[in-house]
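Sharing a structure here in structure tokens format.
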Amino acid sequence: MPHELPKSYEPGAIETRWAEYWVYEKLFSVSTPPAGEARPVFTLLLPPPNVTGRLHMGHMLNQTQMDIIVRWHRMRGFITLWLPGTDHAGIATQMMVERQFAKEGKKRRDLGREKFIERVWEWKKLYGGAIFDQMKRLGASVDWDREYFTMDENLSHAVREVFVRLYEEGLIYRGKYIVNWCPRCETAISDLEVKHEEVAGKLWEIRYPIVGTDEFITVATTRPETMLGDTAIAVNAKDERYTHLHGKKALLPLMHREIPIITDELAQPEFGTGAVKVTPAHDPNDFQAGKRHNLPQIDVMDEHAHMNQNAGAYLGLDRYEARKRVLADLQEQGFLAGEKDYTLALGKCDRCGTVVEPRLSEQWFIKIKPLAQKAIEAVESGEITIVPENYKQIYLNWMNNIYDWCISRQLWWGHRIPAWTCDNCKHVIVAREAPLTCTKCGSTKLEQVSDVLDTWFSSGLLPFTTLGWPEKTRDQAVFYPTTLLITAYEILFFWVARMIMFGCHFMQEHEQDPAIKRASGWADKKNDSVPFRQVYIHALVRDAERQKMSKTKGNVVDPLEVIERFGTDATRFTLAAMAAPGTDIAFNESRTEGYRAFANKIWNAARFMFMNVDRLGFAWGQSPSPALSEAEGAVQPGQSPDSSRPAAGIVGFHTATLEDRWILSRFNRVTEEVNDSLETYRFHEAANRIYDFFWGEFCDWYLELIKHRLISTVGDEARTACGNLVNLFDAALRLLHPFMPFITEEIWQAIYDGKPHLQSVALASYPQVNENQVDLAAETQMAVLQDLIVSVRQLRLDLKVEARVKVPIELFVHDAGTGISIMQNEDAIKRLANVGSITNVEEWRARQAPSRGTSRFDVRVVYERKIDVAAECERLKKELEKIEREFANNQRQLNNEQFLAKAPSNVVEGLRRRAEELIVLIDKTKSKLHELGCK
RNA sequence: GGGCGGUUAGCUCAGUUGGUUAGAGCGCCUGCCUUACAAGCAGGAGGUCGCAGGUUCGAGUCCUGCACUGCCCACCA
């Protein structure tokens, strides 16, 4: 029994086996095509997971969608490169390792920079490897020969190159500015890394005495502790309440320092008291005001947000402790004028949740406007398209309101900034490699700046650095721009926007090999500097209660655990089937359970096929899965891969019977729909089409219809049926493969008995529609048959006919065509509805027995058994009501001249046809009610 | 303070350009171990599409307002 599959479907064993096979055989490794080879190319960069831990459900959704698209392209004949990698994730990873140290009672500073970094590398080896193992388990068909890590030497080299070039172009500058500072992480963070949270706070009013008078000026503040660093009070020049104080000085309470009263737009008359304290070292707005008025900057806190020596008596206190003390002291000395409830948006560190402190410090920045301009143009002009489209506007809004990007971090883990400070003259040298002497004074005492770069600086370069930049490589000529980026909304600004900015800036000179064909519809694209042509933004995976998954809430669903229980195929299918663009996914295990049942269904259908194949000694090779190199799947140069070709559809399928013509037609239509859906990232649509086709049409109807030919007939008839079955199954497996790669590979390999002409179904061609195989007449005939069979089944249950009993039926057909197609398929009806004989009656005679029908036929089961007449009457009445309602509606429209004049003819035609049907149905239902003697 | 999305069956969700009778899975009810599958088969019940207006021959679908809900962005003390 060579083709026998185990009786029960056990995904675990199958999946690990094929996952290993794909990797071991290097099936997805891509060698760069030589010049002159004209095949279409599809390139996708994996958004590199952080090396901070395990993959979560969001990764799995992301990778499932990418893998579906990637496998689909590969099967359509594209040279398909999917580049995998991981991100060093500077601050996040450093935090994880620090936490590990904290458990050992150690701090990173105890170890020193070098030793600490060694430990992080160990961590990286452990978790980076684990992430790749998990990806293999998901079936991600990446090119494992091209793995990258953002801190690899070649990528680090490119990072230095970019930094130096930007510096030389004047786009990177260094300076002392107010930045977002996390006192726990002890580093600057970018605006994007600050999350605002509304909290109930207070607005305090403080009175400052005016020097030389007994007057006071009252200011409002949410952060009284910063008053210790006040260097002015601002009022609005137009605010008449304070005109008499212009040029006067106020005495800063607690510090006994005289500060000027200045006029500045910073103060808005309608807010608070109209007067505002100015603290240039602790507030970005005040910082700007301070610059305008040449005010001193007095920093009163250290890097831990503890008060420093500038805070006088408050030295050493934590900022909140200091706040309490300041307020108490103000109160005691009579300077506290009031206290109001106030809601404020508190900035917190994205990583650790600590309240961010605006802090004056020396940092490196990217002058962003010139870069943003090109990135705006690339999207506005359509050189890059964003799907769903509403994200385009979000992207543009953000880009248009962008501020300079603080790229330096006071961390240890990351790309160290390629800048050196001269010990002697303090000159700063930015260079690609460590300089030996100071370019200014010649000193050899140089020390590299200790800061590292924001982790997004290096990941923003990946689309070209992974292809060998700054060298001009063949890889770049072939694979850049990448085709597509699939990512989560969360990192649209962090990552996507940065890649666009960097790509457009650094790849201006890029020359793409003109022989390389891209996906269809891109002929009009001119700007080859963009990092990708299209961005697909996918949803967030939430838990079953629609809550965002987070470790702190403890509602994180571990994909591997789900996979363990239901299999990767079922889990992937769940994510695909729920991924309607634009809406988040509430991950619901009952769905996964349902899709495991689907996989089981496929499994058993395959067992049924093999059972017959083996019994009939069906000869192999009659229906080989077409290879990509063969006419069907291969894409010719200049040809769009999705256009239909002569060999599309299913080759060598025999269409002697109605069910064969029907299923072939259905397969082709489903194929077309699936391809169309994938073209527009409508994963859920594609998945549901395949599901409905395989289960609802192929298994429920087709298999049942061909059973007797397989089992009860001999010779050619059975063999033809079996050949069709194998052929169809093969095609269905190819159609399904991108969604459920493992089970399809397992069955496909079994079909070819371990001797496939291709190494994998993943290298076979993806089905394409063949219009000649679409047969609408067969679909209509089949629909009548199905209606009839269902009608009889309903009647059997109404009459409580025992399941095994064959019953005779009385049939009345309304037109000759219906009669002919029913009688041609008499056997099928008898088998599927367990009918003994069919009597075709010339006229429909009244009798007190239930009947069913459509506008094409009426049917009655001949069986002596009392039925619940009242219940049947009730049902019929309800039905009559419904169709009469519809008829009334239908007539209202058909009698409406406006409708007839304006509605398209096919709609009017449809309604007319329906009207005829409804008249028949109403008439019949009424006579049935009469037959049964209902009131 | 700005912007975006959601509200459809008991639950979770589909429903592309407005067009004939609004769908699926799960759950529920009834009957079946029919030799591929009980993770299954056959049949069934269940919805005034959040509310109020409007546009239209025609609205779940478009417009306006409202309610509830979720998210993102934001250097006004």
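The sequence lines fix the lettering, A, B, ..., with proteins before strands; numbering per chain opens at 1.
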Query raised in the report: Picking from B/A36, B/G43, B/G25, which would you name as closest to the side chain of A/Asn604?
Result: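 Among the listed nucleotides, the one closest to the side chain of A/Asn604 is B/A36.
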Query - Pairwise P distance for B/G50 and B/U8, with rounding to whole Å - result: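 That atom pair is separated by 6 Å.
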Report task. Quote, to the nearest angstrom, the P distance that separates B/G43 from B/A24. Result ->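 Approximately 13 Å lies between the P atom of B/G43 and that of B/A24.
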Report task. Give every residue pair that meets the salt bridge (Lys or Arg N to Asp or Glu O under 4.0 Å) criterion with at least one member in residues 262-282 of chain A, sequence neighbours excluded. Result ->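 Checked against salt bridge (Lys or Arg N to Asp or Glu O under 4.0 Å) - neighbours excluded - the pairs reaching residues 262-282 of chain A are A/Asp230-A/Lys277, A/Asp264-A/Arg292.
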Query raised in the report: Counting any heavy atom closer than 4.0 Å, what does A/Asp700 reach on the DNA or RNA strands: base, sugar-phosphate only, or nothing?
Result: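 Touches sugar-phosphate only.
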**Report entry** Partner residues of A/Glu339 under the side-chain contact (heavy atoms from CB on, under 4.5 Å) criterion, sequence neighbours left out
**Finding:**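 Expected list: A/Lys202, A/Trp204.
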Query raised in the report: Where is the tightest heavy-atom contact between A/Thr854 and A/Leu921, given as atom of each residue plus distance?
Result: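 Here A/Thr854 and A/Leu921 meet closest at C-CD2, 3.9 Å.
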Requested in this report: Using a heavy-atom cut-off of under 4.0 Å over every strand shown, decide if A/Arg914 touches base, sugar-phosphate, or nothing.
Outcome: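 Base contact.
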Query raised in the report: Taking only residues two or more places apart in sequence or in another chain, which ones pass side-chain hydrogen bond (donor to acceptor under 3.5 Å, both in side chains) with A/Glu225?
Result: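 Result, side-chain hydrogen bond (donor to acceptor under 3.5 Å, both in side chains) vs A/Glu225: A/Arg323.
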**Report entry** N or O in side chain of A/Trp695 less than 4.0 angstrom from B/C41 OP1/OP2
**Finding:**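 Checking A/Trp695 against B/C41: at least one side-chain N or O falls below 4.0 Å of OP1 or OP2.
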Query raised in the report: How close or far is atom P of B/A14 from atom CD1 of A/Ile690, stated in whole angstroms?
Result: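 Those two atoms, CD1 and P, are 19 Å apart.
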Query raised in the report: Rounded to whole angstroms, how far apart are CD1 on A/Ile829 and P on B/A42?
Result: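 One finds 17 Å between P of B/A42 and CD1 of A/Ile829, rounded.
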Query - Centroid-centroid distance, A/Phe566 to A/Tyr595, less than 6.0 Å - result: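 No.
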Requested in this report: Return the value, rounded to whole Å, for the distance between atom NE2 of A/His684 and atom C1' of B/G23.
Outcome: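 That distance rounds to 12 Å.
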Requested in this report: Using heavy atoms to find the nearest nucleotide of RNA chain B for A/Asp692 and A/Arg804 separately, return the residue whose nucleotide is more 5′.
Outcome: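 The 5'-side residue here is A/Asp692.
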Requested in this report: Please work out if A/Tyr177 contacts a base, only the sugar-phosphate, or nothing of the nucleic acid, heavy-atom cut-off 4.0 Å.
Outcome: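 Nothing, no heavy atom under 4.0 Å.
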Query raised in the report: Are side-chain heavy atoms of A/His538 and A/Phe683 found at a separation under 4.5 Å?
Result: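 Of all side-chain heavy-atom pairs linking A/Phe683 with A/His538, none is under 4.5 Å.
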**Report entry** A/Met578 side chain, from C-beta outward: closest of B/U12, B/C26, B/C76
**Finding:**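 Taking heavy atoms from C-beta onward, the closest nucleotide is B/U12.
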Report task. Tell me what A/Ile711 touches on the nucleic acid: a base, only sugar-phosphate, or nothing, going by heavy atoms under 4.0 Å. Result ->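 Nothing: the residue A/Ile711, judged by heavy atoms under 4.0 Å, touches no strand.
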Query raised in the report: Nearest to the side chain of A/Phe271 - B/A77, B/G43, B/U21?
Result: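 The nucleotide sitting nearest to the side chain is B/A77.
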Query - Per A/Arg591 side chain, nearest of listed nucleotides B/G43, B/A77, B/G25 - result: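 From the listed options, B/G25 comes nearest.
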Requested in this report: Taking only the side-chain heavy atoms of A/Val907 (C-beta and beyond), determine which of B/A77, B/C37, B/G19 contains the nearest atom.
Outcome: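 Nearest listed nucleotide: B/G19.
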Query raised in the report: Atom CZ of A/Phe899 and atom C1' of B/C57: how far apart are they, to the nearest Å?
Result: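 Taking CZ of A/Phe899 and C1' of B/C57, I get 7 Å after rounding.
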Report task. Could you check which of B/A74, B/A36, B/G40 has an atom nearest any side-chain atom of A/Ala345? Result ->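 For A/Ala345, the side-chain atoms sit closest to B/A74.
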Query raised in the report: When the ring planes of A/Trp695 and A/Tyr691 are compared, do they come out parallel, tilted or perpendicular, using 30° and 60° as the limits?
Result: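 A/Trp695 and A/Tyr691: tilted rings.
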**Report entry** B/A59 and B/G18, which share atom name C1', separated by this distance in whole Å
**Finding:**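 My reading of the C1' atoms in B/G18 and B/A59 gives 6 Å.
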Query raised in the report: Within less than 4.0 Å of OP1 or OP2 of B/C72, is there a side-chain N or O belonging to A/Tyr391?
Result: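 Checking A/Tyr391 against B/C72: no side-chain N or O falls below 4.0 Å of OP1 or OP2.
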**Report entry** Toward the 5' end of RNA chain B, by each residue's nearest nucleotide, A/Leu203 or A/Gly910
**Finding:**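 Closest to the 5' end, via its nearest nucleotide, is A/Gly910.
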Query raised in the report: With respect to the phosphate group of B/C37, does any side-chain polar atom (N or O) of A/Lys7 fall under 4.0 Å of OP1 or OP2?
Result: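 A/Lys7 to B/C37 OP1/OP2: side-chain N or O found under 4.0 Å.
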Report task. Can you tell me the distance, in whole Å, between the CD atom of A/Glu685 and the P atom of B/A24? Result ->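 Computing the A/Glu685:CD to B/A24:P distance gives 16 Å.
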Query raised in the report: Over how many whole Å does the gap from A/Leu703 atom CG to B/C41 atom C1' extend?
Result: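 After rounding, the gap between these two atoms is 13 Å.
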Requested in this report: Ignoring backbone atoms, test whether A/Lys601 places a side-chain nitrogen or oxygen under 4.0 Å from the OP1 or OP2 oxygen of B/G25.
Outcome: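 So the side chain of A/Lys601 is outside the cut-off, no N or O lying under 4.0 Å from OP1 or OP2 of B/G25.
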Query raised in the report: What pattern of brackets, bars and dots sums up RNA chain B from 5' to 3', given Watson-Crick or G-U wobble pairs under 3.5 Å, [ ] for crossing pairs and | for another strand?
Result: (((((((..((((.....[...)))).(((((.......))))).....(((((..]....))))))))))))....
Query raised in the report: Can you tell me how far P in B/C51 sits from the matching atom in B/G47, rounded to whole Å?
Result: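 Approximately 15 Å lies between the P atom of B/C51 and that of B/G47.
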Query raised in the report: Looking at B/C57, does its base get a donor-acceptor pair with the side chain of A/Gln893 below 3.5 Å?
Result: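 Answer is no: no donor-acceptor pair is held.
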Query raised in the report: Looking only at side-chain N and O atoms, does A/Gln794 come under 4.0 Å of OP1 or OP2 in B/G44?
Result: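 Yes, within the criterion.
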Report task. Would you mind reading off the distance between A/Glu704 atom CD and B/C37 atom C1', rounded to a whole angstrom? Result ->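 Computing the A/Glu704:CD to B/C37:C1' distance gives 11 Å.
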Query raised in the report: How long is the line joining CZ of A/Arg796 and C1' of B/U30, in whole Å?
Result: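 Going from A/Arg796 (CZ) to B/U30 (C1'), I get 15 Å.
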Requested in this report: Output yes when at least one side-chain N/O atom of A/Lys707 is less than 4.0 Å from OP1 or OP2 of B/A36, else no.
Outcome: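 Looking at the OP1 and OP2 atoms of B/A36, one of them is under 4.0 Å from a side-chain N or O of A/Lys707.
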Query - C1' gap between B/U20 and B/U61, integer Å - result: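 Pairwise C1' distance, B/U20 against B/U61, rounds to 16 Å.
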Query raised in the report: What distance, rounded to whole Å, do you find between the two C1' atoms, one in B/C33 and one in B/G40?
Result: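 My reading of the C1' atoms in B/C33 and B/G40 gives 9 Å.
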Report task. Indicate yes or no: at least one non-hydrogen side-chain atom of A/Phe587 is less than 4.5 angstrom from one of A/Thr574. Result ->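 They are in side-chain contact.
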**Report entry** Nearest-neighbour nucleotide for the A/His196 side chain, B/A74, B/A77, B/C73 considered
**Finding:**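 Comparing B/A74, B/A77, B/C73 against the side chain of A/His196, the answer is B/A74.
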Query raised in the report: Given B/A36, B/U20, B/A74, which nucleotide is nearest the side-chain atoms of A/Leu911?
Result: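 Among the listed nucleotides, the one closest to the side chain of A/Leu911 is B/U20.
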Query raised in the report: Are any of A/Arg682's side-chain N or O atoms less than 4.0 Å away from OP1 or OP2 of B/G15?
Result: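 Yes.
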Query raised in the report: For atom C1', what is the distance between B/C49 and B/C13, given to the nearest Å?
Result: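 Pairwise C1' distance, B/C49 against B/C13, rounds to 14 Å.
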Query raised in the report: Side-chain contact, heavy-atom cut-off 4.5 Å: A/Phe729 with A/Phe694?
Result: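 Yes, at least one pair of side-chain atoms sits under 4.5 Å.
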Query raised in the report: A/Tyr177: what forms a side-chain contact (heavy atoms from CB on, under 4.5 Å) with it, not counting sequence neighbours?
Result: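 By the side-chain contact (heavy atoms from CB on, under 4.5 Å) rule, A/Tyr177 matches A/Tyr173, A/Phe287, A/Phe365.
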Query raised in the report: Picking from B/G43, B/A39, B/A36, which would you name as closest to the side chain of A/Ala597?
Result: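 Closest nucleotide among those given: B/A39.
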Requested in this report: Could you pull out all residues at least two apart from A/Asn895 that satisfy side-chain contact (heavy atoms from CB on, under 4.5 Å)?
Outcome: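 With neighbours one apart ignored, the set is A/Gln891.
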Query raised in the report: Expressed as a whole number of Å, how far does the C1' atom of B/G65 sit from that of B/C26?
Result: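 Each nucleotide's C1' atom is 37 Å from the other's.
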Query raised in the report: A/Asn285 has a side chain; which of B/C26, B/U21, B/C76 sits nearest to it?
Result: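 That would be B/C76.
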Query raised in the report: Taking OP1 and OP2 of B/A39, is either one under 4.0 Å from a side-chain nitrogen or oxygen of A/Arg596?
Result: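 No, because none of the side-chain N or O atoms of A/Arg596 sits under 4.0 Å from OP1 or OP2 of B/A39.
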